Protein chains: 2
Amino acid sequence: MDVKTITTCCDGLLTAPLSEAAAEDLAAAFRVMADPVRLRLLSIIAAQGETCACNLTAPVGKSQPTISHHLSVLTDAGLLRREKRGKWAWYAVIPDRFAVLRDALAATPVAA
Amino acid sequence: MDVKTITTCCDGLLTAPLSEAAAEDLAAAFRVMADPVRLRLLSIIAAQGETCACNLTAPVGKSQPTISHHLSVLTDAGLLRREKRGKWAWYAVIPDRFAVLRDALAATPVAA
DNA sequence: TGTCAATATCGACGACCATCGATGTGACCC
DNA sequence: GGGTCACATCGATGGTCGTCGATATTGACA
């Protein structure tokens, strides 16, 4: 997917017109969240605090390469932190990164 | 794209594991936001309060069918309200709908 | 009714991406 | 070193969707 780290790009999607570049960046950030497997991985890892990748293949029901791929996408986006311990890989969520997306959605638009 | 209306589906993506169905619904909601053209349309319409579709083709730089398609996707998702006046179509954002996505991202996860 | 303007819909094409089998890369153990 | 386990990467494939030209639809106006 070739994901860049999610970075703060605008304050309030609904407050001012987005430039083409800003829209592209924000869309890329949302695209990371736009996959059910990735959402389940995030929710499982967050609920457990820190999780070994070996505990993720079974509950999601996808192949090992697929899970590994999605974990890489989430890590590249800066939503997960990866730590290798021996032959195992441990993942944890980085909650701060979600603030960027929340801020983009937080709006005080003109009443509709 | 065959979009369903965005509906509240979970409180806090990062608080508890998502079911397969909930993950699918939430991913569909994010997928609506995962396109730069749609984000620009939302930001332009929100900034102007209410906008005629005829004012949207030029600033975004896409063909009329493409703009119409994206406006339909956003309307089907419940993010826009469409009102026909004569031969013109007026669009306005429905800010409440964004709360669902914000709530999904609002988390009190176990510290990472 | 006929014409034109503003949108919506259709059909097709192309690009992106989720998925998986096969393979590569380290780490541990004997 | 040989073998095995956990995980990452590669290559190929299939499906989804953004895009646009062509066409249909709807309303305004004469």
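Being a predicted model, the structure only gives us computed values, none of them experimental. Lettering of chains follows the sequences in order, A, B, ..., and the numbering in each one begins at 1.
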**Study point:** Between D:dA6 (P) and A:K87 (NZ): distance, integer Å
**Key:** 6 Å
Check your understanding: Starting at the 5' end of DNA chain C, which residue's closest nucleotide do you reach first, A:P36 or B:K84?
Key -> B:K84
Check your understanding: D:dA6 C1' sits how many Å from A:L56 CG, rounded?
Key -> 13 Å
**Study point:** Polar pair under 3.5 Å, donor/acceptor by atom type, side chain A:Q64, base D:dA6
**Key:** no
Practice item. With heavy atoms under 4.0 Å as the rule, sort A:R38 into base, sugar-phosphate or nothing. Key: sugar-phosphate
Exercise for review: Can you tell me the distance, in whole Å, between the CZ atom of A:F30 and the C1' atom of C:dC16?
Suggested key: 20 Å
Review point. Can you tell me if A:R38 uses its side chain to pair, donor with acceptor, with the backbone of A:V32 under 3.5 Å?
Key: yes
Point to revise | Separation of atom CG in A:D35 from atom P in C:dC16, rounded to whole Å | key: 18 Å
Point to revise | Among C:dT7, C:dA5, D:dA8, the nucleotide that comes nearest once only the side chain of A:A89 is considered | key: D:dA8
Review point. Counting any heavy atom closer than 4.0 Å, what does B:H69 reach on the DNA or RNA strands: base, sugar-phosphate only, or nothing?
Key: base
Exercise for review: Using atom CD1 of A:I67 as one end and atom C1' of D:dA8 as the other, report the distance to the nearest whole Å.
Suggested key: 14 Å
Check your understanding: What is the nucleic acid contact for A:R31, judged by heavy atoms within less than 4.0 Å: base, sugar-phosphate only, or nothing?
Key -> sugar-phosphate
Check your understanding: Closer to the 5' end of DNA chain C via nearest nucleotide, is it A:P65 or A:R85?
Key -> A:P65
